[in-house]
Enquirer: 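Dropping a structure here in structure tokens format, bear with me for questions.
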Amino acid sequence: MKNSLKVLRAERNWSQSDLADKLQVSRQSVNAIETGRYDPSLPLAFRIARLFELPVEAIFSDEA
Amino acid sequence: MQCDPPPGPAIRAYTRRLFISMTIYAAVLIAVIKLFQQPHPPTGLVAILLATFPAFPIIGVFWAIARLIVETTDEYQRLLFVKQILIATALTLSIATVWGFLENFGQVPHAEAFYVSILWFAMLGVGAPVARWRA
């Protein structure tokens with residue numbers, strides 16, 4: 001799955017560590033999600049969406 | 001805000017449980033060896049029960065690993081732990097199976113079954129970098 005996490009994070013001037021702290025996950029997890037090596041669970045995807053105040057589908061896309 | 005790892009509450013609890021289990025293991029093993037070295041070693045049901053005692057702290061380590069998976073709140077880290085355990089299990093069972101046939105055809109000496117547990121712990125060490133490679 002593709003996602004716009006890196007862009008959204010950059011817009012807010014957050015480092016991977018900043019985002020990790022806000023989501024209460026490890027920086028390694030943020031990195032894995034950003035680079036598309038790991039698709040988060042629905043609960044984590046919703047937490048991410050809530051943090052950025054966007055709908056889940058505005059952040060994650062299943063189109064290649 | 002603290003998240004795991006590094007070193008997270010789940011990892012800290014695991015390290016504590018591992019240390020406690022290994023301390024109990026050393027104490028129990030030494031005690032049981034001494035009992036069986038006495039001029040009149042235990043026999044019958046007592047001997048059977050005593051002989052199983054050193055196994056329980058080792059089973060405690062399996063339990064500590066299970067708790068580590070349950071208590072790790074970071075889902076990606078949890079996935080990496082599960083991958084690591086699956087790699088260790090696959091390697092251990094493969095080596096044990098090969099060893100069993102080698103032993104069966106008289107090519108290697110007999111190895112007690114508990115060496116499978118020790119091998120599994122060693123393979124967890126091998127599985128750690130493999131599971132996290134490019135993670």
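Throughout, a chain's letter reflects where its sequence line sits, starting with A, and its residues are numbered from 1.
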Enquirer: Just wondering, more than 12 heavy atoms not from B:Y115 lying within 6.0 Å of its OH?
Expert: no
Enquirer: Taking ILVMFWY side chains as joined if any heavy atoms are under 4.5 angstrom apart, and letting links pass through other members, which residues group with B:M123?
Expert: B:I87, B:L91, B:I95, B:L119, B:V126, B:V130
Enquirer: If you measure from CD on B:E75 to CD1 on A:I33, what distance do you get to the nearest 0.5 Å?
Expert: 6.5 Å
Enquirer: Please say whether more than 12 non-hydrogen atoms of neighbouring residues, nucleotides or ligands are located less than 6.0 Å from CD in A:E53.
Expert: no
Enquirer: Please determine whether the number of non-hydrogen atoms from other residues, nucleotides or ligands lying under 6.0 Å from atom NE2 of B:H110 exceeds 12.
Expert: yes
Enquirer: Do the side chain of B:D74 and the main chain of A:V25 share a donor and acceptor less than 3.5 angstrom apart?
Expert: no
Enquirer: Kindly compute the distance separating CG (B:L79) from OG (A:S41), expressed to the nearest 0.5 Å.
Expert: 11.0 Å
Enquirer: Are any non-hydrogen side-chain atoms of A:S29 and B:Q77 less than 4.5 angstrom apart?
Expert: yes
Enquirer: Given heavy-atom pairs under 4.5 angstrom as the criterion, report whether the side chain, backbone, both or neither of A:P43 touches chain B.
Expert: neither
Enquirer: To the nearest 0.5 Å, what is the distance between OH on B:Y76 and CG on A:N31?
Expert: 8.0 Å
Enquirer: Answer yes or no: are there more than 12 heavy-atom neighbours, outside B:F36 itself, under 6.0 Å from its atom CZ?
Expert: yes
